[in-house]
Amino acid sequence: MALHSLHMAENQTPYRYTAALAGDIETRWQAEWDRLGVYEVSDPEPTADRSSLPPKFYCLDMFPYPSGAGLHVGHPEGYTATDIICRFKRMKGFNVLHPMGWDAFGLPAEQYAIQTGVHPAVTTSKAIENFRRQLKRFGFSYDWSREFGTIDPDYYKWTQWIFLQIYDAWYDTEQNRARPIAELVEAFENDERRVTLNPFAAEYAGAGDLPGGTHAGPWATLDEETRRAIVDSYRLAYISLQTVNWCPKLGTALANEEVIDGKSERGGYPVFRKPLRQWMFRITAYADRLLEGLETVDWPQSTKTQQSEWIGRSEGAEIDFPLLDATGHKTGETLRVFTTRPDTIFGATYMVVAPEHPLVDEAISAEAGDTAALREYVAAARNRSDVERQESKEKTGVFTGVMAHNPVTNEPIPVWTADYVLMGYGTGAIMAVPAQDERDWDFAKAFDLPIVRTVQTPTDWPEDKAFTGEGSAINSGFIDGLGVADAKQRMIEYLEDTHHGQRKINFKLRDWLFSRQRYWGEPFPIVFDEKGHHHAVGEQTLPITLPEMADYQPIESDDPQPLLAKATDWLHTTAGEAGVADLPPDAKVTREANTMPGWAGSCWYHLRYCDPKNGERMVGEGPESYWMRGGVDLYVGGAEHAVLHLLYARFWHKVLFDLGHVSTDEPFGKLFHQGLILSHAYQRADRSLVPVDEVENKGTDENPEHIETATGESVTQIVAKMSKSLKNVVNPDDVIAEFGADTFRLYEMYMGPLEQSKPWNTRDIQGMYRFLQRVWCLCVDEATGELRVRAEADADIEKRLHRTVDKVASDIERLAFNTAIAAMIELVNAGTKLAEKDGAGLTASQMDRLARILAPFAPHMGEELWSRLGRFESEGSIARAEWPEVDPAMLKDDQVEIPVQIKGKVKARIMAPADADAKALEVLALQDETVRSLIEGQTIRKVIAVPGRMVNIVAG
RNA sequence: GCCGGAGUGGCGGAAUUGGCAGACGCGGUGGAUUCAAAAUCCACUUGGGUAAAACCAGUGCGGGUUCGAGUCCCGCCUCCGGCACCA
């Protein structure tokens, strides 16, 4: 019986917009779009006149790492947003480049391989298949003909090629750009450039080379080893024995940026400091340009701030403090410090060096102070992990026994070592000015060191606190009375005149650790000869592909080994085979066994999309200069990439720009971060979290009482990240099966502003489903499938339609999809009401326009209506239709309702001509019955009338 | 601690430039339809107040500027994100 009546109902409305019908429409059109290549975009024909090229819009999503778990609901949020904009821009006549691909090298596939022995390529390609299937099911308008993955040899061939470009480049600080290394050698040979180690080379920091450099002598007189060392010190990619962040659990070293609170960013595993021979990128050479470039791009302010703080430029001075011997005489040696407050040097009552500072070792060997205590302290500091350092900021330290000479007070001051001074920043040594620095204050108090105030404190300043603010210099000799800024200038001039120091700019940014000890990454295009010298492989041998491995288990060792070291056949080759020109062909060479980090592939994928099939170049000049003009026009992705990916990609791009391979200095013109899609979970009184399936609501929806089933304790509902453990993960496939892709897209866009993080509420999806049902029902007879066309346009609907077209367009431009959808809902609701009354609400022309403005949001519904209107047959896909025209006259009303306030509160409403001026509005308002009765007997003090807005009468 | 961002009905949110607070959706209540239910459609839905209105209060809290403040200014509170011994 029940089954029978169900069939009856279905048969009465066979064309009802159900999930089944939606699924049918959607998959049908997806196949058709694929077949016709509707979203494929071709590069413009080369032309001399660039202004005649069609306007372009390059819209890029941060490509996903294809995990085995498939898409989660966070992925489609940004992808739907860009899809809407791309579809809109196409309708507005833009040539739209909207590509998709895969960031497919990385740890999860390799860790899976360690456990199962399945090759990462197998796992990854399966995951890519699944991701592609899922993305296609959303109807995104990607140009799939441009798809690639970072693991494709055709792609990583060029990743390796770019590495070689960087390796073969140096940074010319005079021209402020990178240049080929050959030009440096040439300049040395021709004696056009002083032959020195690169004074900015971080790997030689502390070597004591002065800016300007120590002259090594004429190039011709130098031996091969020295020449090599000098050239290498300039390369933008170099090898350095570095204390790195070694993560045993991941079996690899990590970049500073990948370590958070002493744990790995990925996985949260402990990280230890360990010296390793590593490839580094001299990103610090670009510190200033990376900073300046931020001012030229349209990026979220918070991201620009994060990057600029990461780069951390600070201006100050380097000062040399002469060291004293036991008798108080100058030894001739100096201790160099960096300070941002040279004005406070009169208050420098002691100095501190990092425990790793060479002076400490010297003090130990010279037995100047308490050697045992020093040794112990240095050992303890070395073992003290970053986590422990975070935990306690209690000041510890030991006197080194070394005394220095304050060059302005001419007083002897002690040199201490303490771990609150970091070896990696500045010179690893400071002049301590306790009165003007809180850390120095704490240290001075802990060890009873003298404190001299050199900046006048405000009258109410406590006695027991450092003062870091603005004030006049005191106890400071020749700079007394000057403000901080003037005092700094004056002091730097003095130091320069007396050769005690010079102006200096320091950055927090460190060179970028670029090698990893894993398998599943790009191999370096580098081999080592028998002397251990590195050589670039010949370009013609690229790509250097990964060898097959018997197993992926990391080599367990205290001395960490890269995994590829196990692939001995691959590892050992000859110079001839590797294409190394400057060695005899039969010379034995060993391949670099480290691999590149996951960031490598994502540093330049935005370029490859412009010309993904090019076998001759990483990107052709024509496509690159067309699509990349002004940078990517819109780049959308998560804010978690604010420093890592976005900084690295900018660095690569700038190097490529300097070397003439790309035409723009900045890769991403406009950047936008979508918010996170969150979910719900519950929290106990002790703030621990409870999975959603372990809680019941014993109250009502309005007055919920959430009770943990197991304990009967009351818990509070909170917004939390989706996670397996909280059982609150939503699977997009399920949602599409239940409602269709169009509903899913609308729901995610309707949740709220794109940039905001917002909780997923499965219940709310219903609203968008109903909306699409109403659209369908307004246009299509559910019983017959015929269009419900109205003969004569309703004037009100026509006016609303124009306004909606206008609002949706401007809302899309400002990425406010939620309000655009709200406007369409209002239009459709009005149409539905009219249809209830008259049998049909829209004319064919109105339906057509509704379909077109809806199409960017719900492309399948749009295309289906478009097709039913006969337009697909004659004109092709709605994707290539024009955005509807707006008649400006339709946006204006003759009469408008104007609220009338009395003393700021709305008391009445009057109808007034839309163009009524202030005077006319005032007259009309004062004529109004309600207004007159309310102000009766009162004096009108003032009337403010804003044409088209409101009238405010101040009376009393 | 420092630097960002945000706090609006039961919930997600709207108010784009200082000008009608709460658009639109969810949920809820009532109704239509149905033997019934689901689905759908219609009406109402910030709180207090009232038979209904009037009226009063109201955008985290306390002040201020203004004819008028969610929006601007000052001082707090809370939450989220980032940085954190960087001299």
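Only heavy atoms go into these numbers, but all of them, side chains included; no hydrogens, no water, no symmetry mates.
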Position toward the 5' end of RNA chain B (nearest nucleotide), A:Lys907 or A:Glu836:
A:Glu836
5' precedence on RNA chain B between A:Gly428 and A:Ser810 (nearest-nucleotide basis):
A:Ser810
Quick one: the side chain of A:Asp764 and the base of B:C26, do they pair up donor-acceptor inside 3.5 Å?
no
What about A:Lys833, does its side chain sit under 3.5 Å from the base of B:C42 through a donor-acceptor pair?
no
Both distances under 3.5 Å, Watson-Crick or G-U wobble: report the partner of [N], or none.
| N | result |
| --- | --- |
| B:G19 | B:C67 |
| B:U78 | B:A6 |
| B:A84 | none |
| B:G58 | none |
| B:C44 | B:G28 |

What nucleic acid atoms does [X] come within less than 4.0 Å of, heavy atoms only: base, sugar-phosphate, or nothing?
| X | value |
| --- | --- |
| A:Arg774 | sugar-phosphate |
| A:Asn952 | base |
| A:Met950 | base |
| A:Ile430 | base |
| A:Val946 | base |
| A:Lys807 | base |
| A:Gln901 | base |
| A:Thr832 | nothing |
| A:Asn829 | sugar-phosphate |

Check for me whether A:Lys504 meets the cation-pi criterion with A:Phe338, that is, NZ or CZ under 6.0 Å from the six-membered ring centre and within 45 degrees of the ring axis.
no
Is any side-chain N or O of [X] closer than 4.0 Å to OP1 or OP2 of [N]?
| X | N | result |
| --- | --- | --- |
| A:Lys905 | B:A57 | yes |
| A:Gln766 | B:G25 | no |
| A:Asn818 | B:A14 | yes |
| A:Lys758 | B:G12 | no |
| A:Thr819 | B:C24 | no |
| A:Arg770 | B:G27 | yes |
| A:Tyr425 | B:A87 | yes |
| A:Arg941 | B:C67 | no |

Atom pair distance, as rounded to whole Å: [atom1] in [X] and [atom2] in [N]:
| X | N | atom1 | atom2 | answer |
| --- | --- | --- | --- | --- |
| A:Ile765 | B:G25 | CD1 | P | 17 Å |
| A:Lys942 | B:G19 | NZ | C1' | 14 Å |
| A:Gln773 | B:A39 | CD | C1' | 8 Å |
| A:Gln301 | B:A6 | CD | C1' | 16 Å |
| A:Leu509 | B:C83 | CG | P | 14 Å |
| A:Glu755 | B:G12 | CD | P | 16 Å |
| A:Tyr750 | B:G12 | OH | P | 14 Å |
| A:Phe739 | B:G25 | CZ | P | 17 Å |

With [atom1] as the reference atom in both, quote the distance from [N] to [M] in angstrom, rounded to an integer.
| N | M | atom1 | answer |
| --- | --- | --- | --- |
| B:U78 | B:G25 | P | 37 Å |
| B:G19 | B:A69 | C1' | 10 Å |
| B:U59 | B:G22 | P | 14 Å |
| B:C80 | B:G58 | P | 29 Å |
| B:U34 | B:A53 | C1' | 37 Å |
| B:A15 | B:U46 | C1' | 16 Å |
| B:A23 | B:A36 | C1' | 37 Å |
| B:U17 | B:C67 | P | 23 Å |

Please answer whether the main-chain N or O of [Y] pairs with a side-chain N or O of [X] as donor and acceptor at a distance below 3.5 Å.
| X | Y | value |
| --- | --- | --- |
| A:Ser679 | A:Asn728 | yes |
| A:Asp781 | A:Ala783 | yes |
| A:Lys758 | A:Met751 | no |

Between A:Trp760 and A:Tyr747, is the ring centre distance below 6.0 Å?
yes
Starting the side chain at C-beta, find the nucleotide from [options] nearest to [X].
| X | options | answer |
| --- | --- | --- |
| A:Tyr420 | B:G10, B:C85, B:A87 | B:C85 |
| A:Lys508 | B:C83, B:G13, B:G4 | B:C83 |
| A:Asn761 | B:C11, B:A87, B:C20 | B:C11 |
| A:Val906 | B:C24, B:A21, B:G19 | B:A21 |
| A:Arg814 | B:A87, B:C24, B:U16 | B:U16 |
| A:Ile944 | B:C85, B:C67, B:A87 | B:C67 |

B:G47: syn or anti, per glycosidic angle within 90° of 0
anti
Would you call the rings of A:Phe443 and A:Phe447 parallel, tilted or perpendicular if under 30° counts as parallel and over 60° as perpendicular?
tilted
Parallel, tilted or perpendicular: rings of A:Tyr769 and A:Tyr17 (30°, 60°):
tilted
Short N-O contact, A:Asp320 and A:Arg336, less than 4.0 angstrom
yes
Might you point out which heavy atoms bring A:Lys304 and A:Val297 nearest each other, and give the distance in Å?
NZ-O, 3.1 Å
Would you say CD of A:Glu929 has more than 12 non-hydrogen atoms from neighbouring residues, nucleotides or ligands within 6.0 angstrom?
no
